[in-house]
Amino acid sequence: MSQKVPDDNKIYSNDVDFKKTDNPEAYLMKILRDAQKEKLKLEEQKIATLNILEDMSESQEELRVKFQELKIIKELIQKLGTSFDPLEITKHIAKSVLSVFPDIKIACANFLMFGAGNIKNIYFFDSDGVSEEYLAAIKNNMLAFVDDCQCSSVDEATIAAWKNPKQIEFKIVEGVSRINSDMPLSMVNIPMNIEGLVCGFFNFSLSNADITEREIRFFKTLLESASQTVVHIRQLVFSEHSRLRDLIQSMTNGVLMFDVDWRVTAVNPIFKKMVFKQELGYNLKEFLDYFAAQEKDGSKNLDLKYFIEKTLKSGRPTYIDEVYFSKAIYEASVVPVHDYANKVTGGAIILHDITHIKEIDELKTEFVSVASHQLRTPLTAIKLFVEMLLGDGVGKINDEQREYLSDIQESSNRMVRLVNNLLNVSRIETDRLKIEPQDTDIIAFISQAIEEIKSLAELRKCDIKFRKPKLSIETLSIDQTLMHQVIHNLLINSIHYSKPDGGTINVDISEDKDHVIISVKDNGIGIPESSQKKIFQKFYRADNAIKVSTEGSGLGMYVVKMIVEASGGRIWFESEENKGSCFYVLIQKSGMKKKAGEKTLVV
Amino acid sequence: MKNGLGKILLVEDDKFISRAFKDGLTRAGFDVEQALDGAEALEKVKAETPDLMLLDLIMPIKNGFDVLEEISAKKMKKFPIIILSNLGQELDIKKAKEFAADDYLIKSNVTLKEVVEKVKTYLK
């Protein structure tokens, strides 16, 4: 509305020219007339002003509504930003509309965006509820709209469903279907486009009034904003998705992802190559049954279903040692997949091919077995023949021959010991060594070990002294084979590295509250400071030790340390070059730690 | 021809080791019959009626455990059996003894003298 401008542009004035007045009466009349005119003019002005004011308040109201609408749209966009569930999106849109126009009834048919599963459904949102007749009227209206609409992007199944109205079901999302006589007075259908494709449409209806142009404009704006947001989310999701896909595709492990309904959502080429030829959407359970039935050497696969259930429930990954498939061995793990709200939305099976590693492992075991049997067999023959030659049964030999034969004998004995040591190291390193502690009189046990080595000690002019203290415990739980190896190796070393003119070796045993400490102390060549850090390393021999004797594999201390530490004990030493060394072995009073395994040491 | 101290069936697939033991045992006064694998050993158990058997475990055709099993199953064990093997693990020893082996010597650890003495204790 605009201000009303008087037709007469002439300006009236109060300045009356009295001199020109001949007839006062007429003059007065004129004044009155003028005043009347003036009054009318004022009235008009007043109306105009009121009109302006009215216009202003109207546009202010319009602004307020616009502002309210914008606020609703903004809220809607925010809500859409945190969800990608189609029904949730529809709900958010419906709620936004209802918050501005509580009387409106909304029905939504969405097809493309929300997948084939929902094409037959119309979601109906209404806080009060309507009659079946109302719903039928809306349905017909929507069907007519679909017919008119140029939905070229709609697939045939969807169109077929729409052509057969019986297939279309109403899902009441809010409110209840109830009997009342209201019928829609006005209806409008507005399609929702996403990236240029019609992906669904909304039907807005009112039973008590006409839907105004302004309302339609609002609905359109709202849907447009919503679809823009969805597009934006889609782009984000797609870029994340393609990043994830690239990552999965390029992984050298087999990856299969599934959702909470156990449907396969992603499989990478490696996984397909390994085990799985099925397509996406395939139900994983059938495959897992097949998988669990696979066996190798009579042992069946673990049922991965159990692990998947566990992971989906706990939200934590589970690791399975070995699974078999098509003659290959895999290390399998099941990891959970979370959504933005840290809710578990599925998981992934990751297969790591360890066939090759297992093969190498088997080769190693085989080698160890070959070493054990094939290397020791010829050595045994050599030993036996030398023994016969050295005995007098095959005729007299001269002193020089005897000396050579003794050297052969010693060398073959050394060779046997070396093979045995290598076998032991291999057993320790492959973690196949079992530790079987049993209650043992530790003092008698050490005395026995000393006794066994006495002849060697005497040969080297070494005096072994064992102080046998009274201990608070009668027995200590030790693995006798392993502990014997420890004590034996320590004693052998102390004899070997005593000074050429002999030495004294002090064996002692002491205790504190929780531990027993065995010590072997010699006054031999000692360990140079530069070698002390390396003394427990495999194959390491200190420079001064090599000078004393080239015999020695550098495995003795390594084996000792491995045994002691594997059974929960500790080992350390004090040493000074040319003065001697003292090695300490600490064992818990609770005993050596038991460990399952298949092998003990070769002695 | 009997040497007097008894007849030993020596089951060993390595011909050098077999020969060494044979010579050593013969010199010590025993009769020694050799078998180079488990199947031959079983034949000779029937044919030769040994007084004692020295038995290796890892052998071709039939291994030592097969021999023990068959001897037990057919109730042919009428003589002591001493295992002489490089398999030295507790499990192997336990398994062999379950199959009625009387003793267990680890080949690479024993001397000829020790074997002769062990045999003597069984054939007193």
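Since the model is a prediction, treat every value here as computed from it, not as a measurement. In what follows, chains carry the letters A, B, and so on, assigned in the order in which the sequence lines appear, proteins first and then strands, with residues in each chain numbered from 1.
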Between N420(A) and N109(B), is there a side-chain heavy-atom distance shorter than 4.5 Å?
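In contact.
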Below 4.5 Å, heavy-atom pairs only: which of V416(A), L384(A), V394(A) has the largest tally toward chain B?
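Greatest number of close heavy-atom pairs with chain B: L384(A).
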Nearest 0.5 Å please: distance from the CG atom of L379(A) over to the NZ atom of K107(B).
12.0 Å
Identify the two heavy atoms, one from F16(B) and one from F385(A), that lie closest to each other, and give their separation to 0.1 Å.
O-CZ, 3.2 Å
Taking all non-hydrogen atoms of both residues into account, name the closest pair between T377(A) and I17(B) and its distance.
O-CD1, 3.3 Å
Are more than 12 heavy atoms from other residues, nucleotides or ligands located less than 6.0 Å from atom CG of D399(A)?
no
Please check if atom CE in M388(A) has more than 12 non-hydrogen atoms from other residues, nucleotides or ligands closer than 6.0 Å.
yes
Is the side chain of E387(A) donor-acceptor paired with the backbone N or O of T111(B) at a distance under 3.5 Å, no angle test?
no
Side chain, backbone, both or neither: which part of V115(B) has a non-hydrogen atom closer than 4.5 Å to chain A?
neither
